Amino acid sequence: MGLEEKLPSGFLLTTVEQVAGWARKSSVWPATFGLACCAIEMMAAGDPRHDFSRWGMERASATPRQADLMIVAGRVSQKMAPVLRQIYDQMTEPKWVIAMGVCASSGGMFNNYAVVQGVDHIVPVDIYLPGCPPRPEMLLDAILKLHDKIQNTKLGPQRRKQIQELEEAKRRRLPLLGQQGAI
Amino acid sequence: MGLTDFLNPVKGFGVAFHQMFTKSETVQYPEVKKPTAPRFHGRHQLNRWPDGLEKCVGCELCAWACPADAIYVEGADNTETERYSPGERYGRVYQINYLRCILCGLCIEACPTRALTMTNEYELADDSRESLIYTKDMLLAPLREGMEQPPHPMRLGETEEDYYRLGLAGAEEAPASPSQDGGRRSSIDAAVRAESGEKK
């Protein structure tokens, strides 16, 4: 009818997405979920040498309602799991999760009944960060990779489509090992 | 009680003011990467012999040493037509799960052929569990000049042992077992003595 029909397809929305992504990534407020030794490295990421306030992240808080990034740092015990989920639920959308360290990512060397074998059993994880514990630079690298992801997040129906595509791709991915025999 | 006590309330500001003229400690991380300590335990690497053959013999000692069960190895036999490593066996499947690996280096200590070592690379974060299981092609060292993509026959010697003794000239003089004077050190001393004796 008017101007919007003359615009190249998708032009307006992608620009809005980019602006929204830029705004979101420029000041991610972390809800620190420090559980073990990884938390020490997470604190070190805020020190003068590494200084994650360069990306507007210095407001690392224990208040989930004011945060949009949960950094799960350390092994999550079965008893801590419902607490972690509650903290996650209290955070406002949009929200992201970094599983920091091998214990949070997959249970790491604690392959036993007391430890949750990866926080992705409880909350959706955006970035897995290996290391035991990862050095602060590794955390900064993970945060930058998350920034990339936030920047390229789509909005509205496009986002729903993106999620569907990702799910489909995950479902169709083949295992690294063939399924012959028990391992 | 001193004469300058009245300055005490502002002395603290002096400390803060002084800091404005000191050099900033911040490393501008993604642009400036400060090198790690040389022995930093980073991502693993599967090394090669100078002709491109793999050093890994598929013995699985690394997998046995691993406290987190992060390594999966499947060995296979070398054949005359298809040779990947000097000797009998090679690692056909080699996977390290970096979501389990705690980078402790016990696998490095266990490796009998120094096939597995660690690099200083640490930027490993990724967004899925699958992509953090590193397979053999991701772990293998790149081919340097003079190296050739296996499979190919042994170029640097007739046997496995020739490879292990590469660059070990005069290894025959070295005692196989630690001597009374203190093993390796004394054998090196003996080698040095033999060499200087030759020069004379």
Side-chain angles (χ1 to χ4, degrees), chain A residues 37 45-55 96-111 117-121 124-149 166 169-170 173-178 181 183, chain B residues 19 22-37 40-44 63 65-74 92-107 118 120-139:
Chain A
C37 31
D47 73 7
R49 180 171 161 182
H50 307 98
D51 196 15
F52 61 26
S53 62
R54 286 180 287 153
W55 298 286
W96 299 277
V97 178
I98 291 180
M100 182 182 178
V102 288
C103 305
S105 302
S106 76
M109 67 182 299
F110 300 108
N111 192 356
Q117 298 298 301
V119 277
D120 50 1
H121 289 284
V125 174
D126 291 286
I127 298 284
Y128 298 88
L129 171 59
C132 186
R135 55 192 283 132
E137 280 95 342
M138 289 168 88
L139 179 60
L140 297 185
D141 173 55
I143 288 167
L144 290 172
K145 278 172 180 160
L146 182 72
H147 280 177
D148 241 28
K149 217 174 160 175
L166 286 173
K170 256 185 197 169
R173 194 176 293 141
L174 293 170
L176 281 172
L177 290 169
I183 294 158
Chain B
Q19 288 299 316
T22 54
K23 198 168 164 286
S24 170
E25 189 71 17
T26 311
V27 179
Q28 299 294 330
Y29 165 66
E31 291 87 28
V32 183
K33 286 175 187 169
K34 215 173 171 184
T36 61
F40 174 74
H41 286 193
R43 192 179 66 87
H44 295 80
C66 184
D69 277 348
I71 307 183
Y72 177 78
V73 189
E74 228 178 81
R92 190 172 64 81
V93 179
Y94 200 99
Q95 296 178 358
I96 296 182
N97 182 355
Y98 278 98
L99 289 187
R100 288 274 178 198
C101 174
I102 57 170
L103 305 170
C104 61
L106 287 179
C107 45
M118 278 168 147
N120 288 348
E121 192 189 323
Y122 55 80
E123 285 160 347
L124 298 167
D126 215 324
D127 62 352
S128 76
R129 280 194 178 210
E130 293 85 356
S131 56
L132 277 159
I133 300 174
Y134 280 42
T135 48
K136 193 177 163 189
D137 50 322
M138 299 155 95
L139 292 166

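Quick caveat: nothing in here was measured; it's all calculated off a predicted structure. Here is how names work: the chains are called A, B, and so on, in the same order as the sequence lines, proteins then strands, and each is numbered from 1.
- Within the 4.5 Å cutoff, the side chain of His41(B) has no heavy atoms near those of the Cys132(A) side chain.
- The contact between Ile127(A) and chain B is made by backbone and side chain atoms together, counting heavy-atom distances below 4.5 Å.
- In terms of non-hydrogen atom pairs under 4.5 Å with chain B, the most contact-rich of Asp120(A), Leu146(A), Asp141(A) is Asp141(A).
- Atom OH of Tyr29(B) is separated from atom CD of Glu137(A) by 7.0 Å, given to the nearest 0.5 angstrom.
- The choice from Pro67(B), Cys66(B), Ser128(B), Ala70(B) that makes the most heavy-atom pairs within less than 4.5 Å of chain A is Ser128(B).
- To the nearest 0.5 Å, atoms CG (Asp47(A)) and CD (Glu25(B)) are separated by 8.5 Å.
- Heavy-atom pairs under 4.5 Å with chain A were tallied for Asp127(B), Asp69(B), Leu99(B); the largest tally goes to Leu99(B).
- Within the 4.5 angstrom heavy-atom criterion, atoms from both the backbone and the side chain of Arg49(A) approach chain B.
- Taking each heavy atom of Arg129(B) and Ser105(A) in turn, the nearest pair found is NH2-O, 3.0 Å.
- Of the inter-residue distances, the one linking Lys33(B) atom NZ with Leu140(A) atom CG reads 11.0 Å to the nearest 0.5 angstrom.
- Judged by the 6.0 Å and 45° rule, Arg135(A) forms a cation-pi pair with Phe40(B).
- The minimum heavy-atom distance between Leu129(A) and Ala125(B), with the atom names listed, is CD1-CB, 3.8 Å.
- Between chain A and the residues Leu124(B), Leu132(B), Thr36(B), Asp126(B), the largest count of heavy-atom pairs under 4.5 Å involves Asp126(B).
- Contact record, Leu103(B) with Gly131(A): CD1-CA, 4.1 Å, taken as the closest heavy-atom pair.
- Across all non-hydrogen atoms, the minimal contact from Arg54(A) to Val27(B) is NH2-O, 3.3 Å.
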